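One structure below.
Treat the numbers as computed from the prediction; the structure is a model and nothing was measured. Residue numbers start from 1 in every chain, and the chains themselves are labelled A, B, ... in the order their sequence lines are given, proteins ahead of strands.
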There are 2 protein chains.
Amino acid sequence: MPIDAPKRLTIYNLAILAGSSPSTVSAVLNGTWQNRRISEKLAARILAVAADADYSVNMQARALRRERSGIIGMILPLYDNRYFSSIAQVFEAEARKRGLFAIVSCTNRDPQQEQEAAQMMIGHRVEKLICTGATDPDSIARMCQPHGVATINLDLPGKLAPSVISANRDGARTLTEAILGRLKARGTPNDPIIFVGGRIEDHNTRERIAGFKAALKAHGLQRPDENIMPCGYSGLHAAPVLDAYLLKHKALPSAIFVNSTITLEGIARWFHQQGHNMSEIVFGCFDWDPLAAVFNPHFLMVRQNVPIMVERLFELMERPPSSADEVIEIQPEILGDVA
Amino acid sequence: MPIDAPKRLTIYNLAILAGSSPSTVSAVLNGTWQNRRISEKLAARILAVAADADYSVNMQARALRRERSGIIGMILPLYDNRYFSSIAQVFEAEARKRGLFAIVSCTNRDPQQEQEAAQMMIGHRVEKLICTGATDPDSIARMCQPHGVATINLDLPGKLAPSVISANRDGARTLTEAILGRLKARGTPNDPIIFVGGRIEDHNTRERIAGFKAALKAHGLQRPDENIMPCGYSGLHAAPVLDAYLLKHKALPSAIFVNSTITLEGIARWFHQQGHNMSEIVFGCFDWDPLAAVFNPHFLMVRQNVPIMVERLFELMERPPSSADEVIEIQPEILGDVA
DNA sequence: CATCGTTGCGCAATCGATTGTGCATTATGT
DNA sequence: ACATAATGCACAATCGATTGCGCAACGATG
């Protein structure tokens, strides 16, 4: 092992090795040599030399000169969740297909971290920035705009950039109707049903609540709003909410609309700790996790259509959107045995 | 909205705005101005102008000139799994703490994708490359070496770079003993137990099998090797394996050592489809998923210690390893009710 | 008053790839 | 044979930040 790489390998070195010039080497290596009328013979020789010497283009130099980085950024609340991790994975694969390099940064649903990450992304001269589940997408859009970085919102919409989101209201209504169907099948169509989880400040939760209420109303059921408890996404907040419900009603609700798998985790933990049996209750979860689904096939779960959402995302990047605040809604899928 | 950013904002523009020079602006903005004896007054003025103009350093230019990118790369089999997504998340947070920018790429346990991703990373001049769960880490180390990019292996070890992995053999032995303890508690200490999932080609699976066998042996149990079925990670392969077992033995095993949550998913699906009851069987899984754990608190699960593993990773990066193929083993944790 | 040391800052080269332009050769047309 | 066109390639400027070096202005010292 040498003490250090004696000399970095550049197109200048390659030019000498191949008996040519840097500009020719560059053109050959980046594929524009046809336009420059480089002979096939020389191109082949240069390619051989480059391969032999194990050359690798310096992306920073390329980006600097081209004034475009070939990088596309995404900020994400977290990786550690099947919905978001799947978004990251599909996003990366699609970016790669398009010759773009994806960089993803987690921001923990924290507006300040979101903005810091966006600053980083701008520094790295990303060509676009996808704001996934951002608590404050409009601030990010405003930060990016003067730098010529277009943003697109995913999962949660904003007003200053086009957005791709799930059809939350419709999905929630369908899920709620499925829950009501289960209750009816059990012969207890009028039993109490509650909504747990999410943040009332975020668009998705509000829409889901609207869908939830609409479904109840359509079935002639009126429920007090106190049965709607958007207590945050963290699973920790589920326990106090359930405790309070139990204390007040001296009984568990017959059905629960759970607003995320993270909340579901908290609820399941509470049930286990309290010694209650989850299978006596109808669960509908607006989110999907394969392990949860397979362990509890009777659960009703809504799977957001990540592949389509990401596909639309890239379409928006490629075709300019009709308006700055266009919102594309993607229908999610409802899963669960019709037990 | 302007047709385009009229002029990109650079230190040259800032220098004019602040009535100074590019080199001074640069020094002020990157914090080295004290060394250059720039007056506090001028520094403050430049900072004000920069903030006011919403300036953002061009990282490619900086990287090019400094000959270091400030980027650290990681390749990963997939995001869509709680173990790996957690690794990505912790890695990114730790990198950020150190002023590094993390880029992560999924390679689907495919050696070719691993190498392509490594090429990309080298092109972006990552300062280090972490190969997580790589099927062929040594090839990557060989690719990186001539470019002066140090690699570190995570989760699966290699011979050409230091590695941080879980104590697979110990963990598997402990897990197996816990399973045996459950069997004994049920009064059926000699019932059959099988091992399902993983790849026999990979180090971790081999070590876990060794631990599994060692625990059986220590308890005076000899099991035929045909009960060890490393049928791959995908959940799809679990079904045929279980079908075959059932066909041959006319009964289910009393305990199953499952080698990953992905395999567990396949097994659970099979149980549900076949109408078997999982709770009659002792499950031990060498992997952890919070939802699986909370839905099946009686499951024995091994949680690999991701925070510590990543911490050791960064220590290896900062302190040179004692030898090129040093392997650091991190003890995992065993979870599950002592029901 | 001359010398020397500080303080404060700007000049210009540099990192490596890209690309507009120009200059030799060689083919083609008349 | 001569003008024109096409072919094949190299020169040199450029992207934006960094950094070794040097120079002026000023104060301190003898």
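Put simply, B:N30 has a side-chain N or O that comes within less than 4.0 Å of OP1 or OP2 on D:dT18. Side-chain N/O atoms of B:T24 include one lying less than 4.0 angstrom from OP1 or OP2 on C:dG10. For the pair B:S21 and C:dG10, the criterion of a side-chain N or O lying under 4.0 Å from OP1 or OP2 is met. Contact annotation: A:R66 reaches the phosphate of C:dT18 (side-chain N/O to OP1 or OP2, under 4.0 Å). Between B:T10 and D:dC15 there is no side-chain polar atom (N or O) within less than 4.0 angstrom of OP1 or OP2.
Using a 4.0 Å heavy-atom criterion, one finds that A:S39 contacts the sugar-phosphate atoms exclusively. Within the nucleic acid shown, B:T32 has no heavy atom closer than 4.0 Å to any nucleic acid atom. Counting non-hydrogen atoms under 4.0 angstrom, A:L42 reaches the backbone sugars and phosphates but no base. Residue-level contact check: A:S26 touches the bases, meaning some heavy atom is under 4.0 Å from a base atom. At a threshold of 4.0 angstrom between heavy atoms, the contacts of A:R37 include nucleobase atoms, whether or not backbone atoms are also involved. Contacts of A:S23 with the nucleic acid, taken as non-hydrogen atoms under 4.0 Å apart, include base atoms.
Donor-acceptor pairing under 3.5 Å, judged by distance alone, is present between the side chain of B:R36 and the base of C:dG10.
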If you apply the rule side chain to side chain contact (heavy atoms under 4.5 Å, CB included), what do you find for A:D155 with A:Q304, and how did you get there? CA-CA 10 Å; A:D155 182 60; A:Q304 305 187 56; 3.9 Å; yes

| message | Does B:H124 form a side chain to side chain contact (heavy atoms under 4.5 Å, CB included) with A:I71? I'd like the steps, not just the answer. | response | CA-CA 10 Å; B:H124 284 278; A:I71 300 178; 4.2 Å; yes

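Salt-bridge check for A:E116 with B:R96: failed, with every basic side-chain N at 4.0 Å or more from each acidic carboxylate O.
Atom-to-atom, CH2 of B:W33 to P of C:dG10 comes out at 15 Å; the value is rounded to the nearest Å. For A:N58 and C:dC15, the CG to P distance is 12 Å, given to the nearest whole Å. Going from atom CZ of A:R62 over to atom P of D:dC15 covers 19 Å, rounded to whole Å. Between the CG atom of B:L29 and the P atom of D:dG16 there is a distance of 15 Å, rounded to whole Å. In this structure, A:R68 atom CZ and C:dT18 atom C1' are separated by 13 Å, rounded to whole Å. As a whole-Å value, the separation of B:L14 CG from D:dA17 P is 8 Å. The nearest whole Å value for the distance from the OH atom in A:Y12 to the P atom in D:dA13 is 12 Å. C:dG10 atom P lies 7 Å from atom CD1 of B:I46, rounded to whole Å.
For the 3.5 Å distance criterion, the side chains of A:Q89 and B:D80 fail to qualify, holding no donor opposite an acceptor. Side chains of B:D202 and B:Y233: a donor-acceptor N/O pair is present below 3.5 angstrom, by distance only.
Nearest to the side-chain atoms of B:I38 among the listed nucleotides C:dG20, C:dC9, D:dA17 stands C:dC9. Among D:dG16, D:dT18, D:dT14, the nucleotide with an atom closest to any side-chain atom of A:R65 is D:dT14.
Nearest-nucleotide mapping onto DNA chain D: of B:V57 and A:E40, the residue sitting toward the 5' end is A:E40. Two residues, B:R45 and B:E67, neighbour DNA chain C, and the one matched to the more 5' nucleotide by heavy-atom proximity is B:R45.
Looking at B:L129, B:I122, B:V126 one by one, the single match for side-chain contact (heavy atoms from CB on, under 4.5 Å) with B:H147 turns out to be B:I122.
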